[in-house]
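Comments concern the structure below.
So that the names make sense, note that chain A is the first sequence line, chain B the second, and so on, each numbered from 1.
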Amino acid sequence: MAEQQSLPLGFVRGEPVIEKPEDLYIPPDALEVILDTFSGPMDLLLYLIRKQKLDIVDMPILTITRQYVEYVEMMKELKLELAADYLVMAAILAEIKSRLLLPKPPQEEDEEDDPRAELVRRLKEYEAIREGAEHIDSQPQVGRDILLSEVATDAREHVTTPPPEVTIEDLTLAFSRVLQQVELNAHHHIQREQLSTRQRMSQVIELLSEKKYVAFSQLFKRTEGRAGAVVSFLAILELVKESMIELSQVEPMSDIRISLRNRQQDESVTA
Amino acid sequence: MNQLQLKQLIEAALFAHPQPLSAEQLHQLLLSEGEASLTMVKGLLKELQTDYQERGIELVKVASGYRFQTRAELGQRLASLWQEKPQKYSQALLETLALIVYRQPITRGEIEQIRGVSVSSNIIKTLQERNWIKVVGHKEVPGRPQLYASTKEFLDDFNLSDLSELPDIDTLDEDDERTAETAINEREQ
Amino acid sequence: MNQLQLKQLIEAALFAHPQPLSAEQLHQLLLSEGEASLTMVKGLLKELQTDYQERGIELVKVASGYRFQTRAELGQRLASLWQEKPQKYSQALLETLALIVYRQPITRGEIEQIRGVSVSSNIIKTLQERNWIKVVGHKEVPGRPQLYASTKEFLDDFNLSDLSELPDIDTLDEDDERTAETAINEREQ
C-alpha cells in the first residue's frame with residue numbers, strides 16, 4: 001500500500017502532485033471514493049480543466065491527457081473496479097493528442113479542424129447539464145424541503161355509490177334479446193298485447209289481493225274514457241284466460257263479481 | 001426563533017404529520033433544548049385553534065394529540081371528491097326487469113321458463129331494493145308463486161307517466177324476425 | 001352557500017385531497033351546477049393564497065393544481081419529526097435527470113454520449129419509480145430506442161408549475177460561463 005500511495009495523483013503544469021487533491025475528501029482506506037466523487041470521465045475531465053482555472057476552450061490537451069491518464073492508471077493500480085468508460089475517454093484523449101502532434105498543411109489551420117473541437121463541444125454540453133442538475137437539486141423538493149399537508153377528513157364516510165343507471169333503451173334492448181331467445185326456442189309464444197293491458201292486469205291482481213272481490217263495474221273508470229274501458233276489459237279477459245281470476249254472478253242481471261281464482265273455492269271449503 | 005416562527009413551525013408540523021401530535025411530542029421532537037417551554041407550546045396550540053375558528057379546517061384535540069381536520073359540516077359536500085362512477089347492471093338483471101315490465105304480472109317461474117335459466121334471488125332483491133318491482137299477489141297454482149309487477153317508482157325513474165309510453169316491441173313482424181334471425185346466426189357463428 | 005362557505009369548502013377540499021386540485025377540478029367536482037363560476041373559484045383561490053401568507057403552510061400552484069404545503073424554510077426543522085433522513089440523490093442520477101428534463105425527449109444512448117458513461121439501469125428504475133420520467137415514444141433509428149421525457153409528477157415534486165420555471169442552461173455565452181465558473185468554484189470550496 002505504501003508504494004502505491006507514493007504514486008503521483010496528478011500533474012499540474014508538468015509537476016507531479018503526490019498529495020491527493022485537497023478539495024477531494026479521500027479517506028486513506030477508501031480511495032474508491034475517487035470514483036464515487038466523479039460521476040464519470042467527463043466529470044473528471046472537467047475537474048482537471050477547472051483545477052487549472054482554465055476555460056474549456058483553452059483546454060491544454062497535452063497536460064490534461066497526461067493528468068487524466070495518471071488518474072486512470074492510479075485507479076487501475078489500486079485495483080479499483082474501473083468503469084470501461086474511463087478507458088474510452090483515455091483513448092479519445094490519446095487520439096486527439098496524436099492528431100495535434102501531426103504536422104498539417106497551413107491552409108487547413110481552421111477552427112473547425114481543431115481536433116479538440118468535438119471534445120470541447122461535448123464538455124460544454126456536459127457542463128451545461130451539470131448546471132441543470134444543480135438547478136434541479138436546488139429546487140425545493142417534496143419530502144426533503146417541503147411536506148404536503150395531510151389533514152384528516154370524514155368526507156369518505158359520506159361517499160355513497162350511486163346505483164347503476166338504466167335507460168329505456170337498455171330495457172327495450174334486453175326485452176328484444178329475450179324475444180330473440182324465445183323465437184329460437186320456438187315452443188314459447190309471447191302474445192301480442194298492449195303494455196297498458198299488462199299494467200292493468202297487475203293493478204287488478206293487486207286490488208284483488210287486498211279485497212276478497214270487486215264488482216266488475218268498479219274496474220271501469222269514467223275518467224279513462226273508451227280507451228280505458230277497452231284496456232280494463234282486455235286485462236280481465238287475459239286474466240281469465242290465464243286462470244288467475246274468476247268471474248261470478250250471484251243472481252241473473254246482478255253485477256258480476258271478480259275474485260282471485262281458487263281463493264274463493266278455498267274459502268267455500270272452509271266455510 | 002421568535003414567537004411567530006415557533007407558531008408557524010408547530011402549525012406546519014401538525015399539517016405534515018400523518019398522526020396527531022401531543023403538546024409534549026411537539027415540545028420534545030420539534031424544539032431544541034430551552035427554545036420554548038411546554039406551557040408556551042400549549043399556549044401556541046390554543047392560539048392556532050382560535051386562528052382556524054372561521055376556516056374550512058379546524059384544529060381539534062383527540063386522544064393521541066392535536067390534529068387538523070375538515071369541518072364536520074363540510075363532510076357531505078367533500079364526499080363528491082371521492083364519488084365513484086355508478087356501476088352497470090348485468091344482462092340477466094336487465095332481462096328480468098324487462099320481462100317483469102313487459103309481461104307483468106309474472107311469476108319467477110315464468111321468467112325462468114322464458115329466459116331458460118334460473119333467476120337469482122339477488123336480482124329480485126336488487127330490483128325490489130330499487131323499488132322498481134313489487135309483489136302484487138299470488139298466482140293461484142300449486143305453490144302460489146308471487147306475481148311481480150312494476151311500480152310507480154319505476155315509471156318515475158324512467159320518466160314515464162304510463163307504461164304504454166315504453167316502445168312497443170311486442171310484435172315481431174317480418175322485418176324484426178329477419179333481424180332476430182341474423183342476430184342469432186351471428187351469435188351462433 | 002354563501003361566499004365564505006364556498007371558500008371554506010374549497011379550502012377543506014385542498015387540505016383533504018391527497019393530490020393537488022386544479023381550479024377546474026374544484027369547480028367541477030365540488031360545486032353543483034350554477035353554484036359558482038370558474039372565475040369565482042379562481043378568485044377564492046387567490047384569497048386563500050393571501051390568507052396563508054403569514055402561516056406555516058402555504059397554498060401553491062404546481063403543475064397538476066393547487067396544494068397546501070409546508071413553507072420550504074421550515075423543511076430542515078421539520079425533518080426532526082422523522083427518524084429517516086430524506087434520500088440524497090447521487091450526482092449521476094441528478095445528471096441523468098437533468099438531461100431528461102432539459103433535453104427531452106432523449107434516448108438512453110444520447111444520455112450516455114453526453115455523460116461519457118453508461119447509464120445504470122438502477123438510475124432509470126429509480127427515476128421511473130418516482131414517476132419523474134416516462135417513455136413517450138421511440139426514436140426512429142435502428143433499434144428504435146425509447147425516448148424519455150419528464151412528467152407532471154416531476155414538476156409537482158420539485159415545486160414547479162411549468163418547466164420554464166427552471167433556470168435556463170441552453171446558451172453558454174460569456175455571462176453564463178462566468179456563472180458556471182462561480183458555481184464550480186463554490187463546489188470546490
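- Among residues 17-29 of chain C, the residues having any heavy atom closer than 4.5 Å to a heavy atom of chain B are, in sequence order, His17(C), Pro18(C), Leu21(C), Leu29(C).
- In terms of non-hydrogen atom pairs under 4.5 Å with chain C, the most contact-rich of Gln5(B), Glu35(B), Arg71(B), Gln83(B) is Glu35(B).
- Heavy-atom distances place both the backbone and the side chain of Leu31(B) under 4.5 Å from chain C.
- For Glu153(B), there are no salt bridge (Lys or Arg N to Asp or Glu O under 4.0 Å) partners two or more places apart in sequence or in a different chain.
- Between Leu30(C) and Arg77(B) the shortest heavy-atom distance is O-NH2, 2.9 Å.
- Contact of Glu11(B) with chain C is made through the side chain alone, with heavy-atom distances under 4.5 Å.
- A 6.0 Å sphere centred on CD of Gln113(C) holds no more than 12 heavy atoms belonging to other residues, nucleotides or ligands.
- For Tyr148(B), the ring pair (Phe, Tyr, Trp, His ring centres under 6.0 Å) criterion is met by no residue, not counting sequence neighbours.
- Of the two parts of Gln69(C), neither the backbone nor the side chain holds a non-hydrogen atom closer than 4.5 Å to a non-hydrogen atom of chain B.
- Nearest heavy atom pair, residue Leu81(B) against residue Ala13(C), reads CD1-CB, 3.7 Å.
- Chain B forms more heavy-atom pairs under 4.5 Å with one residue of Ile57(C), Thr70(C), Leu4(C) than with any other, namely Ile57(C).
- Across all their heavy atoms, Gln8(C) and Glu54(B) have their closest contact at NE2-O, 2.7 Å.
- Of the atoms belonging to Leu14(B), not a single heavy atom falls under 4.5 Å from chain C.
- Asn2(C) CG: more than 12 foreign heavy atoms inside a 6.0 Å radius.
- Under the rule for a ring pair (Phe, Tyr, Trp, His ring centres under 6.0 Å), the partners of Tyr89(C) that lie at least two apart in sequence or sit in another chain are Trp132(C).
- Summarising the geometry of Gly56(C) relative to Ala12(B), their closest heavy-atom pair is O-CB, 3.6 Å, with the distance given to 0.1 Å.
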